[in-house]
Amino acid sequence: MNTYMDEAQPLDTKTTRGADNPGYSGIETEAQLMDDEKPVKVAKVQEFLQSNNIAEDLPESQLTDIGSMVVEGYEADLKSREPWEKNVEKWMKLALQVCEKRTYPWKDASNVKYPLIATAAMQFAARAYPSLVPSDGRVVKCKTIGRDPDGQKAARAERLSIFMSYQVMEEMEEWEEEMDKLLLTLPIVGLAFKKTYFDPDRGRNKSCLVNPMNLVINYWAKSLEDAERITEILHHSKRKVKELQNKGVYRECDLSEPGQVKGDKQILEQQSMPNTDETTPYCILEQHCYLDLDDDGYAEPYIVTVEHSSQKVLRIVPCYLSETVLLNEEGDVIAIKPIQYYTKFSCIPNPDGSFYDIGFGHLLGPIDDSVNTLINQLIDAGSL
């Protein structure tokens, strides 16, 4: 069976699935020992686990409804955080010292940008980095809980710490660099995300930085675990999309030209990506959401990949494993715990209780504006 999972593959723990078969998601817990009645009631859930792309088996009318639902949900979440996005744009301009041409009090007036936020962010990163990435490479440190008279727990914790630190620092080549980038983004914006998953192309676990502007969650969500939708914006060129279709990851379907829809253009401009080049990427929405595909009245967690402008569903895969399906004594599904691929890093919790935390942009932005104004007024006065 083709087990290619692209951006949506659970971590390879080398215990429940095995290092030789990283895509295996079969039943390896108590579900294996279910009686004759239970497998009948959860057969659909098991069947979905064995599918590489559930979208291939669904009727076009249902896929159209799912595609519309994904895009509408994404746009609703996007609208809920509009004020936050405007603030982030302003904070990033201050941090990056973007100089816009001034016409007041006269044309080409002084336009100095003092690096207050940038300096604060670098100071934060310089202090946080040694704590999170120690020089001895011991990134992971397991601790023992409970009595350990013979030291077996401590010995096992030491072995796990050494092995997992090796995985993070040596096997996951991008981890340290991505963490370095995260520690500069985090203090400015207030939060950042890392996506951790098994990459079948590289045959190893991967952990990459996700820009908070590219991960859309409702502003009033309590946490990643409680959010009804988590939508990541991916940018794939025509070549990349065709490659994924050739591999059987995405289903074959007709897509409109990338960047031709107003919404796509706005996304591309927001991400500072070219929207006139022949290599203009598609805006792909990879949404972790809940769908009731087995018509049992309970929506299960899935990862749905949709091309934004055409709203065409490219892929649907389960966002759960057999061991995360909770059954009652009769074998009915009563709950399913979704796999969480994203890790949220927070700076300062937002006093308004929202999901989006605050950072130096929020705290120092007005001060930075004032400093810039005072410096430029002094220089302009000197010029006069």
Side-chain angles (χ1 to χ4, degrees), residues 74-100 102 104 110-133 178-195 208-233 266-267 269-273 342-377:
Y74 155 75
E75 291 177 349
D77 292 341
L78 203 62
K79 188 173 182 180
S80 74
R81 68 172 201 176
E82 272 183 359
W84 175 83
E85 284 190 353
K86 291 178 182 177
N87 284 331
V88 170
E89 185 179 355
K90 181 171 64 177
W91 299 335
M92 292 306 295
K93 282 184 178 180
L94 287 171
L96 297 173
Q97 298 170 255
V98 176
C99 292
E100 298 170 340
R102 294 187 61 193
Y104 180 85
S110 175
N111 196 15
V112 173
K113 298 291 183 182
Y114 189 79
L116 183 64
I117 295 179
T119 302
M122 286 188 285
Q123 293 274 359
F124 175 92
R127 286 169 170 78
Y129 190 86
S131 300
L132 296 174
V133 190
E178 296 289 272
M179 181 60 74
D180 196 13
K181 294 177 183 177
L182 181 144
L183 292 176
L184 281 172
T185 303
L186 173 62
I188 298 172
V189 180
L191 77 167
F193 303 93
K194 265 205 165 189
K195 183 178 183 180
C208 54
L209 173 67
V210 178
N211 190 301
M213 296 293 283
N214 283 352
L215 197 69
V216 181
I217 300 160
N218 190 278
Y219 186 79
W220 297 109
K222 292 297 181 184
S223 64
L224 283 170
E225 291 73 20
D226 293 334
E228 286 296 311
R229 290 179 300 269
I230 301 175
T231 309
E232 183 179 356
I233 303 172
Q266 289 175 338
I267 294 174
E269 289 172 0
Q270 186 183 62
Q271 305 302 323
S272 302
M273 301 185 71
Y342 301 99
T343 304
K344 178 187 177 185
F345 292 79
S346 301
C347 188
I348 303 171
N350 199 323
D352 67 6
S354 68
F355 177 81
Y356 291 87
D357 301 316
I358 62 176
F360 293 156
H362 189 279
L363 298 176
L364 301 179
I367 299 175
D368 203 348
D369 268 334
S370 300
V371 171
N372 292 337
T373 299
L374 290 171
I375 291 174
N376 290 319
Q377 284 179 340

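Positions are given from 1 along the sequence.
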* K90 and D369 ion-paired at < 4.0 Å -> no
* Asked: Looking at K79 and E82, does any basic side-chain N land under 4.0 Å from a carboxylate oxygen?
  -> no
* Decide yes or no on side chain to side chain contact (heavy atoms under 4.5 Å, CB included) for C347 and L186, but give the supporting numbers first. => CA-CA 6 Å; C347 188; L186 173 62; 4.2 Å; yes
First locate atom [atom1] of [X], then atom [atom2] of [Y], and finally report the distance between them rounded to the nearest 0.5 Å.
X    : Y    : atom1 : atom2 : answer
L224 : T343 : CG    : OG1   : 8.0 Å
M92  : I188 : CE    : CD1   : 5.0 Å
I358 : L363 : CD1   : CG    : 5.0 Å
E232 : Y74  : CD    : OH    : 12.0 Å
Q97  : N372 : CD    : CG    : 8.5 Å
L364 : L116 : CG    : CG    : 5.0 Å

Within-4.5 Å side-chain heavy-atom neighbours: [X] and [Y]:
X    : Y    : value
M179 : K194 : yes
N350 : Y219 : yes
H362 : I348 : no
L78  : E85  : yes

* Parallel, tilted or perpendicular for F360 and F124, by the 30°/60° rule? -> perpendicular
* On the 0 to 90° scale, with breaks at 30° and 60°, tag the F193-F355 ring pair as parallel, tilted or perpendicular. => parallel
Using only atom types and a distance under 3.5 Å, with no angle test, would you say the side chain of [X] pairs donor to acceptor with the backbone of [Y]?
X    : Y    : value
S346 : P349 : no
E178 : L209 : yes
R81  : M213 : yes

* With side chain to side chain contact (heavy atoms under 4.5 Å, CB included) as the test, would you mind laying out the steps for D357 and K344 before giving the verdict? => CA-CA 10 Å; D357 301 316; K344 178 187 177 185; 3.2 Å; yes
* Stepwise side chain to side chain contact (heavy atoms under 4.5 Å, CB included) check, N218 with E228 -> CA-CA 8 Å; N218 190 278; E228 286 296 311; over 6 Å; no
Which pair of heavy atoms, one from [X] and one from [Y], lies closest together, and at what distance?
X    : Y    : result
A118 : A95  : CB-O, 3.4 Å
V189 : P212 : CG1-CG, 4.0 Å
I217 : A221 : CG2-CB, 3.8 Å
P366 : G361 : CD-O, 4.4 Å
S110 : N376 : OG-OD1, 2.8 Å
K222 : G353 : NZ-O, 4.5 Å

* Asked: Near Y114 OH, under 6.0 Å, is it more than 12 heavy atoms from other residues, nucleotides or ligands?
  -> no
* To do: State whether the number of non-hydrogen atoms from other residues, nucleotides or ligands found under 6.0 Å of E89 atom CD is greater than 12.
  => no
